[in-house]
Amino acid sequence: MRALIIVVMLFSILNVSAQQVRNFKLKDIENNTQSFTQLKGSKLTVIDFWATWCKPCVKAIPELNKIYEAYKIKGVEFIGVSCDGPRSVSKVAPLSKTLQIKYPILLDINSEIKSELNLNAFPTLVIVNSNNKIVWVHEGFVSGDQKLVIEEIEKLLK
Amino acid sequence: MTKIVKNSICLVVIVLASFNVFGQFNGTNLVEYQFGEAPNDVNAISSIYDRFVANFNYKSFRSDVTLEQFYSEYDGSNYTNISQFSVQYNSDKIQVKLGNFYETIGRGTLLHSFQIPGAILEDLSYRSRHYFNRDILGASVKFQSNNFMTKVLYGSPLNYVFPPNQNSNLRRSDTIAALYSEYTYKNQTLGAAIMHHSNSGNEKLFSMITLSGSISPKISYYTEVSKNIKNNSINDFSDAASYAIYSGVNISLNNIGISAEYKNYNNFLIGSGINEPPALVKEHTYRLLNRSTHVPQPLNESGYQLEAFYTMPNLSVLTLNHTKAINKFGQKFTFNEYFLEYDFMLKDKHDIKLFIDYAEDPFKLEENRISTGLYSEWKAGKNSTIRTDYEFQHFDRLNEGNVNQVLSVGYAYKSKIIGSIVAEHSTDNYLVNSGSKYWLGANLKYKLNNKHSFQLFAGERRGGPACNAGVCYEVLDFKGVELRVTSRF
Amino acid sequence: MNIFNLKSIFTSNLKLIVILVVILSVVSCSGSGDDDAEVFTSPTGSTGNSNMTTDPDPDPEESTDPEVSAPSFTLKSLAGVDVKLSDYSNKVVVLFFFGNSCPICKAVGPKIESELASPFDGRSDYQILGLDQWNGNANSVEAFKTSTNVSFPLLLNASEVAADYKTTYDRLVVIDKSGNIVFSGKQTASADIAAVTTKVNELLGS
């Protein structure tokens, strides 16, 4: 028990090198296989891990759409990775289309990419630099968070 | 014997870690301290659960280790265990996994593995707490090109009811060997699988065929048919046969999206429950509806689910859902649910969600179940929001009326601090012999930075059935204090 | 990173090394309680019936069907009487562990009734019992009875008994006339009904 507490305390002061995103391949909602390398932005890539049953995720999408449209020309690409499992995956395409998501939506039915990156919450926004390194992680979405995302993108573009 | 294995794994971890100079090392840690009581407990006990996940990446290789520990006053429920260990190789075309891994075949009619991050399970019998997942211990190889994919897997799926301090042949009583291949041509995918399953000396052979794709950018479809082919002929779909048929179609017309799905399952519960045919029942985020969910029965269930989304020009969303599920167990039970939700912005800044739901669930003996609620997020300042949620439910069970209610008031400062008070009330006679039961609890979440967050709960929390990320399970009531610290590094 | 720069490697990884040493000590210092815990080994034919607290032997028995004496229990039935396992000595006893509102258990209920209860009606050397592992109140167990139409006795608050039997809900266990566990299901009850029926007939000599 004591050792356990020591371990926990040590983790809380730990800092290790940034994580890297591998060139994963997933199908998009139109059944085309897409790879991360094909979709990534020349400067930054924002990956949104979401699910149709997650209310804050759906709420974030129109805001992400706006940011995407504003920064697309500056070398920032967006990728939506739906982590819907077998239970809700059939709703990803109709919901994405009705929300008029402008960026590609990929299906990760096993949440494989999300678990590889040790992400635990929905939604999780991840910003990846041109070297495929994760430079920013943001969990959850409450109104006002869109400002944080813009600030971070601006900072990283400098 | 097992100790030698454990120590050698530790050695591997150390060696891998010392290779940190070449690759990268990352991980997460979740620790949860509880002081309180579960149902039927005489007095409060304290316990601590820790889950440490570390992974190491070097070029195309990756290794993962999960260390789980639980300590409480019950000696028999304590453990320190390396719950997962895996080595993975990834290249553009090939992926090899050894050890614990997750893999689902098709939509899960044959095999569904999953993990629910952040969920900790506790069982009334074993009184130990552990991570909620169903992984597979074995090996898998996957080959993927642009239009062809094939995977071979062998291993034993986990039965998560048993905690890590139980014998491994209780926890992993099933063994499967499966091959799945698919080919995509002009956006149409044809896939087929064959799976051998054994448990306690019983052997079975299953096959699956799937066809999916998009007909136009507006219409896509998915079909999956699985069968036990050991003892029945391939075209036998009688009452005695084991099969699962799932089919779905999606249609998108500008701002209207429709999903229609059909299911027909018979005698299709495999082993200790390693598969999970699609539920075709809406997973609600509203507390009472989430708890009232219909759990699909692969033993016998047929039905459909229709869902429609309509996004208005002002971005408010209307969702309509209708579900029908028929079970035949001696007698016929027909589950029906109608759900309507309207999500809109008030004065361009307050987010309001309104829902109403009507259901008939004879299998659960719940008739005329009416649920309704109002969830609101009021923008209170530049960075603050106030949340108020209310839900009400009434149903008849054996001619007796039962009421459930939830009221929650919360406050959020950016995503940094989120606090809420949740009060629940129920007259459900499964929970109280007469009269009412109340639960009152407070939650506080503080996000120190992107790496560390703290979550505190104090009070009493209602348990019961819960569905999370498409998987349903049973949660115990809890009364006491709970602190969870999550870190990533 | 220059891999030959040992000093910087050491400093940047110092914390990590410390932590790993701590982890190792935690793992290796753990008590005998986790000796039969699951580790990176594939399942074998060993049994799950050895009781962890009383049997410190790290190597589980290897036989597939050992003679294990069935743990005794006394539980209140839905009818309000105390039911003891010893009430059924010299009988073949089938235990059906269920959860009062567990959907798969409710689904299999009628089949348990038609294949493991009614065919043995009137036999004085056979008894089937249902045990509620979910510890529900009488109302919820009564509702289980109503929706499944089962006729055999249902016993309340059986979660600890399930732990004694190293089993869980939706499982079948068979006890022979001498009070030994001769079958302990490792899969859902529906998948084990046929095997249990065979076993019971064999034990009853019918």
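Below, chains carry the letters A, B, ... as their sequence lines are ordered, and counting in each starts from 1.
- Residue with the most contacts toward chain A among B:Ile256, B:Asp351, B:Leu253, B:Ile251: B:Asp351 (heavy-atom pairs, distance under 4.5 Å).
- Heavy atoms from other residues, nucleotides or ligands lying under 6.0 Å from CG of B:Asp348 number 12 at most.
- Neither the backbone nor the side chain of B:His284 comes within contact range of chain A; no heavy atoms are under 4.5 Å apart.
- Proximity to chain A involves both the backbone and the side chain of B:Lys382, based on heavy atoms less than 4.5 angstrom apart.
- At least one side-chain heavy atom of B:Cys472 sits under 4.5 Å from a side-chain heavy atom of A:Arg87.
- If you measure heavy-atom distances from B:Phe309 to chain A, the contacts under 4.5 Å come from both the backbone and the side chain.
- Proximity to chain A is limited to the backbone of B:Tyr310, based on heavy atoms less than 4.5 angstrom apart.
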Distance-only check: which donor-acceptor pairs under 3.5 Å involve side-chain atoms of residues 68-81 of chain A, not counting sequence neighbours?
unit_1, atom_1, unit_2, atom_2, d
A:Tyr71, OH, A:Glu154, OE2, 2.6

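- Of the options B:Asn255, B:Asn254, B:Thr311, a side-chain hydrogen bond (donor to acceptor under 3.5 Å, both in side chains) to A:Thr98 is made by B:Thr311 and by none of the others.
- The part of B:Tyr286 that comes within reach of chain A is its side chain, from C-beta onward, which places non-hydrogen atoms under 4.5 angstrom from that chain.
- Within the 4.5 angstrom heavy-atom criterion, only side-chain atoms of B:Asn321, from C-beta onward, approach chain A.
- Chain A forms the most heavy-atom pairs under 4.5 Å with one residue out of B:Val281, B:Leu30, B:Val249, and that residue is B:Val281.
- When every heavy atom of A:Gln19 is checked against every heavy atom of B:Gln24, the shortest pair comes out as CA-NE2, 3.4 Å.
- Side-chain contact annotation: A:Thr33 with B:Asn146, donor-acceptor N/O pair under 3.5 Å absent.
- For B:Ser415, the parts lying under 4.5 angstrom from a heavy atom of chain A are both the backbone and the side chain.
- Residues of residues 109-127 of chain A having a heavy atom under 4.5 Å from any heavy atom of chain B, listed by number: A:Ile109, A:Asn110, A:Glu112, A:Lys114, A:Ser115, A:Glu116, A:Leu117, A:Asn118, A:Leu119, A:Asn120.
- For B:Thr104, the parts sitting under 4.5 Å from any heavy atom of chain A are the backbone and the side chain alike.
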Residues A:Lys91, B:Gln305; criterion side-chain hydrogen bond (donor to acceptor under 3.5 Å, both in side chains); working and verdict:
CA-CA 11 Å; A:Lys91 292 166 189 169; B:Gln305 175 179 227; 3.2 Å; yes
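- For B:Glu283, the parts lying under 4.5 angstrom from a heavy atom of chain A are both the backbone and the side chain.
- Of the inter-residue distances, the one linking B:Lys416 atom NZ with A:Asp145 atom CG reads 11.5 Å to the nearest 0.5 angstrom.
- Within 6.0 Å of NZ on A:Lys102 lie more than 12 heavy atoms contributed by other residues, nucleotides or ligands.
- In this structure, the side chain of B:Lys414 does not engage the main chain of A:Val142 through any donor-acceptor pair within 3.5 Å.
- Atom NZ of A:Lys43 has 12 or fewer neighbouring heavy atoms from other residues, nucleotides or ligands inside a 6.0 Å radius.
- For B:Gln144, the parts sitting under 4.5 Å from any heavy atom of chain A are the backbone and the side chain alike.
- With contacts defined as side-chain heavy-atom distances shorter than 4.5 Å, the pair A:Cys54/B:Thr285 does not qualify.
- For A:Ala51, no part sits under 4.5 Å from any heavy atom of chain B, backbone or side chain.
- For the set B:Thr28, B:Val317, B:Asn383, B:Asn187, the entry with the most heavy-atom pairs within less than 4.5 Å of chain A is B:Asn187.
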Stepwise side-chain contact (heavy atoms from CB on, under 4.5 Å) test for A:His138 and B:Lys447
CA-CA 11 Å; A:His138 181 75; B:Lys447 206 159 91 179; 3.7 Å; yes
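- Between chain A and the options B:Gln95, B:Gln88, B:Met149, the largest number of non-hydrogen pairs under 4.5 Å is found for B:Gln95.
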Evaluate the side-chain hydrogen bond (donor to acceptor under 3.5 Å, both in side chains) criterion for residues A:Glu30 and B:Ser214: first the C-alpha distance (whole Å), next the side-chain angles of each, then the deciding distance (0.1 Å), finally the verdict.
CA-CA 6 Å; A:Glu30 270 148 32; B:Ser214 58; over 6 Å; no
Between A:Ser143 and B:Lys379, does the side-chain contact (heavy atoms from CB on, under 4.5 Å) criterion hold? Intermediate values first, please.
CA-CA 8 Å; A:Ser143 73; B:Lys379 191 122 183 99; 3.6 Å; yes
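- Closest approach of B:Ser212 and A:Asn31 over heavy atoms only: O-ND2, 3.9 Å.
- Only the side chain of B:Glu341 comes within less than 4.5 Å of a heavy atom of chain A; its backbone N, CA, C and O stay farther away.
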Walk me through whether A:Lys59 and B:Glu377 qualify under salt bridge (charged side-chain N to carboxylate O under 4.0 Å, His left out).
CA-CA 12 Å; A:Lys59 205 178 128 183; B:Glu377 272 185 52; 3.0 Å; yes
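- Considering all non-hydrogen atoms of both residues, A:Pro94 and B:Ser252 come closest at CA-OG, 3.8 Å.
- Your options are B:Thr109, B:Ile258, B:Leu448, and the one with the most heavy-atom pairs under 4.5 Å with chain A is B:Ile258.
- The 12-atom threshold is exceeded at OH of B:Tyr221, counting heavy atoms of other residues, nucleotides or ligands nearer than 6.0 Å.
- Counting heavy-atom pairs under 4.5 Å between each of A:Lys97, A:Lys147, A:Lys55 and chain B puts A:Lys55 at the top.
- Using modelled atom types, one finds a donor on one side chain and an acceptor on the other under 3.5 Å when comparing A:Lys27 with B:Thr189.
- Of the atoms belonging to A:Ser90, heavy atoms from both backbone and side chain fall under 4.5 Å from chain B.
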